[in-house]
Amino acid sequence: MLDIKYVRAHYEEVKEKLSKRGEDLADFERFGELDTRRRELITQVEELKAERNESSQKIAEMKRNKENADEAIKKTRELGDRIKELDAELNTVEEDLNYIMMRVPNIPHESVPVGESEDDNVEIRKWGELPEFGFEAKPHWEVGTDLGILDFERAAKTTGSRFVFYKGAGAKLERALAAFMLDLHTEEHGYEEMLTPYMVNRASLTGTGQLPKFEEDAFLIEEEDYFLIPTAEVPVTNFHRDEILNGAELPHAYAAYSACFRSEAGSAGRDTRGLIRMHQFNKVELVHFAKPEDSYETLEKLTGHAEKVLQLLGLPYRVLKMCTADLGFTAAKKYDIEVWIPTQGTYREISSCSNFEDFQARRANIRFRREQGAKPEFVHTLNGSGLAIGRTVAAILENYQQEDGSVIIPEALRPYMGGKEKIEAK
RNA sequence: GGAGGAGUACCCAAGUCUGGCUGAAGGGGUCGGUCUUGAAAACCGAGAGGCGGGUAACACCGCGCGGGGGUUCGAAUCCCUCCUCCUCCGCCA
């Protein structure tokens with residue numbers, strides 16, 4: 001959520017910046033009117049309440065002196081009726097204003113390139129040598145299925161489309177990747193490991209920005225009104241919801257492995273085969289709580305931490321700076337890391353690293369105090385995948401496949417695979 | 001799932017039956033001071049944090065006793081509802 005006071009003071013500037021995202025701002029036009037009306041009503045209603053408080057005190061005093069207070073009670077009751085009316089109107093206005101503010105996206109940072117679509121994202125660096133095959137490379141789902149380590153058909157039977165079974169060395173590979181990434185981030189990059197609930201309530205999803213606008217993207221447990229998490233970002237960020245953190249202890253950096261659940265509503269027909277787009281996948285997520293003045297430096301570090309995983313695995317990738325049209329709802333600035341998928345002849349997103357500034361912190365009410373007695377300030381939150389594990393498996397199967405159908409295990413992963421160097425068909 | 005109990009400020013805790021000078025006693029911790037070579041202890045003193053309105057900034061006002069709603073001139077206190085925690089029983093990985 002944006003700062004109402006800031007929007008009030010810089011309305012035209014904010015509108016201009018938001019328009020660069022290609023966002024429909026029709027509702028936002030009502031901001032000024034609602035904001036003004038809200039403050040008028042507050043002033044009125046609070047004056048009346050002050051009057052009522054005073055009047056009630058007098059009644060109490062009269063009662064104590066055994067005087068007759070009927071007249072005063074009658075007058076005060078009328079005051080109360082008036083307050084009730086104005087309060088009701090105030091509620092409506094606040095609901096309307098809130099409706100708008102909860103649906104306005106974050107303001108892009110000045111360093112974000114202006115663009116109209118994903119085609120305007122800017123490639124800022126590339127790493128690694130693209131593999132060359134002396135044979136016809138197979139897509140990862142064929143590699144995995146032929147090796148007997150992935151089974152999409154049986155997942156379709158037990159559950160439905162966009163699910164998968166990992167078997168044998170495949171299951172172990174997935175587990176090895178999770179352990180490898182967690183160890184790297186906790187031991188080398190200074191993260192604290194976290195294991196979170198896989199279901200969260202509405203308040204949490206609202207805090208991180210998935211609600212109210214994107215409810216259709218999530219899976220809902222209706223009886224409880226809980227949602228399956230689309231990413232560990234949600235529970236980890238909300239871990240500190242409604243808290244005032246000690247500034248001396250910032251930054252906090254957490255690494256959380258979790259399953260992630262996404263309905264993929266609206267992506268029917270896209271990536272229908274393979275591991276790229278599943279309803280359930282595993283991911284190691286990195287989350288930072290930073291002081292405002294440090295958050296952009298943190299974003300660079302965070303992106304570097306995710307890149308390190310790919311470097312150690314020897315997977316070629318590139319980093320894109322997302323343009324204003326492709327920032328998503330909550331980010332002020334975002335880098336996507338894309339890994340090379342040879343059979344598609346292109347790079348595919350495997351990590352997304354964002355600085356939300358105080359956008360989530362304001363929604364989730366996460367603040368910090370620089371020192372004892374200082375005013376609380378909103379923290380900046382950041383997160384990035386480090387990495388999406390299913391897509392990492394896809395990249396390994398494709399990039400490391402051999403002509404005989406086997407797959408070389410990247411060296412960094414071998415300690416986690418019992419020293420094995422290769423996955424072969426049984 | 002069944003039966004009870006409880007949520008008060010940074011922490012502990014009184015007040016709730018019997019609504020009104022209680023925005024909340026008391027203690028701990030915290031901060032400042034006295035004492036001390038320094039520290040501890042003791043003693044003295046200070047302080048509700050937060051949100052909203054308002055202000056150039058103060059002042060000032062409103063809201064805050066788990067959340068929401070209601071009754072009343074007036075609610076920590078009465079009523080409804082939801083949430084969380086604890087104890088016992090049952091079930092269970």
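Each chain gets a letter, A, B and so on, in the order its sequence line appears, and its residues count up from 1.
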Would you mind classifying the nucleic acid contact of A:Lys63 as base, sugar-phosphate or nothing, using non-hydrogen atoms under 4.0 angstrom? base
Would you indicate, yes or no, if B:G53 has its OP1 or OP2 atom less than 4.0 angstrom from a side-chain nitrogen or oxygen of A:Lys5? yes
Give a yes or no on whether the ring-centroid distance for A:Phe219 and A:His279 is below 6.0 angstrom. yes
Under 4.0 Å, heavy atoms only, any strand: does A:Ile42 hit a base, just the sugar-phosphate, or nothing? sugar-phosphate
With P as the reference atom in both, quote the distance from B:C88 to B:C31 in angstrom, rounded to an integer. 39 Å
Mind checking if A:Ser55 touches a base, just sugar-phosphate, or nothing, with heavy atoms under 4.0 Å? nothing
Taking the P atom in each of B:C85 and B:A76, what is the distance between them to the nearest angstrom? 27 Å
Donor-acceptor side-chain pairing of A:Asn106 and A:Thr330 below 3.5 angstrom: no
Short side-chain N/O contact to B:G74 OP1/OP2 from A:Arg77, under 4.0 Å: no
For the pair made of CD1 in A:Ile83 and C1' in B:C63, what is the distance, rounded to whole Å? 13 Å
Using atom CD of A:Gln57 as one end and atom P of B:C61 as the other, report the distance to the nearest whole Å. 13 Å
Compute whether any side-chain donor of one residue and acceptor of the other, for A:Glu233 and A:Tyr254, lie under 3.5 angstrom apart. no
Would you mind telling me which of A:Ile149, A:Val393, A:Ile396 makes a side-chain contact (heavy atoms from CB on, under 4.5 Å) with A:Val407? A:Ile396
Short side-chain N/O contact to B:C51 OP1/OP2 from A:Arg367, under 4.0 Å: yes
Rounded to whole angstrom units, what separation is found between the CG atom of A:Leu86 and the P atom of B:G62? 16 Å
Measure from CG on A:Asn53 to P on B:G62 and round the result to the nearest Å. 5 Å
Rounded to whole Å, the CZ-P distance (A:Arg52 to B:C73) equals 11 Å
Under a 3.5 Å distance rule, please check whether A:Thr208 uses its side chain to pair with a backbone N or O of A:Ser204 as donor and acceptor. yes
Measuring only between side-chain heavy atoms, which start at C-beta, is A:Tyr335 closer than 4.5 Å to A:Glu300? yes
Which is it for B:G64, anti or syn, if anything within 90° of zero counts as syn? syn
What is the pairing partner of B:C88, taking Watson-Crick or G-U wobble pairs with both distances under 3.5 Å in any strand? B:G2
Listed pairs, N/O of protein and of nucleotides 66-71 of chain B, under 3.5 Å:
unit_1 : atom_1 : unit_2  : atom_2 : d
B:U71  : OP2    : A:Lys84 : NZ     : 3.2

Please determine whether a side-chain nitrogen of the Lys or Arg among A:Glu85 and A:Arg82 lies less than 4.0 Å from a carboxylate oxygen of the Asp or Glu. yes
By nearest-nucleotide position on RNA chain B, the 5'-leaning member of A:Ala60 and A:Asp35 is A:Ala60
C1' spacing across the pair B:U55 / B:G15, given as an integer number of angstrom: 37 Å
When rounded to the nearest Å, what value does the distance between C1' atoms of B:U30 and B:U22 take? 24 Å
Name the atoms and distances for all side-chain donor-acceptor pairs under 3.5 Å in residues 164-181 of chain A, with sequence neighbours left out.
unit_1   : atom_1 : unit_2   : atom_2 : d
A:Tyr166 : OH     : A:Glu174 : OE1    : 3.0
A:Glu174 : OE2    : A:Asn282 : ND2    : 2.7

Give a yes/no on whether any side-chain N or O of A:Lys49 is located under 4.0 angstrom from OP1 or OP2 of B:G52. no
Distance between the C1' atoms of B:G1 and B:A13, in whole angstroms? 35 Å
Let me know, please, whether A:Tyr226 or A:Ile244 comes out on the 5' side of the other along RNA chain B by nearest nucleotide. A:Ile244
Does B:G49 have OP1 or OP2 under 4.0 Å away from a side-chain N or O of A:Arg369? no
Using a distance-only criterion (donor-acceptor N/O pair, under 3.5 Å, no hydrogens), is the base of B:G62 paired with the side chain of A:Glu47? no
Please report the distance, rounded to the nearest Å, between CZ in A:Arg39 and P in B:C61. 21 Å
Sugar-phosphate, base or nothing in reach of A:Ala72, heavy atoms under 4.0 Å: nothing
Considering Watson-Crick and G-U wobble pairs with both distances under 3.5 Å, what does B:C35 pair with? none
Please state the P separation for the pair B:C17 and B:G54 - nearest whole angstrom. 38 Å
Considering only atom P, compute the distance from B:U16 to B:C79 and round it to an integer number of Å. 14 Å
Paired with A:Asn121, the side-chain contact (heavy atoms from CB on, under 4.5 Å) test is passed by just one of A:Glu338, A:Lys334, A:Lys321, A:Met322, namely A:Met322
Carboxylate-amine/guanidinium proximity below 4.0 Å for A:Arg77 and A:Asp81: no
Starting at CG of A:Asn246 and ending at P of B:C10, how long is that distance when rounded to a whole Å? 15 Å
For A:Ile59 and B:A75, give me the distance from atom CD1 to atom P, rounded to whole Å. 12 Å
Considering only the P atoms, how many Å lie between B:A56 and B:G45, rounded to the nearest integer? 40 Å
Assign A:Thr76 to base, sugar-phosphate, or nothing according to its heavy-atom contacts below 4.0 angstrom with the strands shown. sugar-phosphate
Using the side-chain heavy atoms of A:Arg64, tell me which of these nucleotides is nearest: B:C51, B:G62, B:C21. B:C21
Does any nucleotide pair with B:A40 by Watson-Crick or G-U wobble geometry, both distances under 3.5 Å, and what is it? none
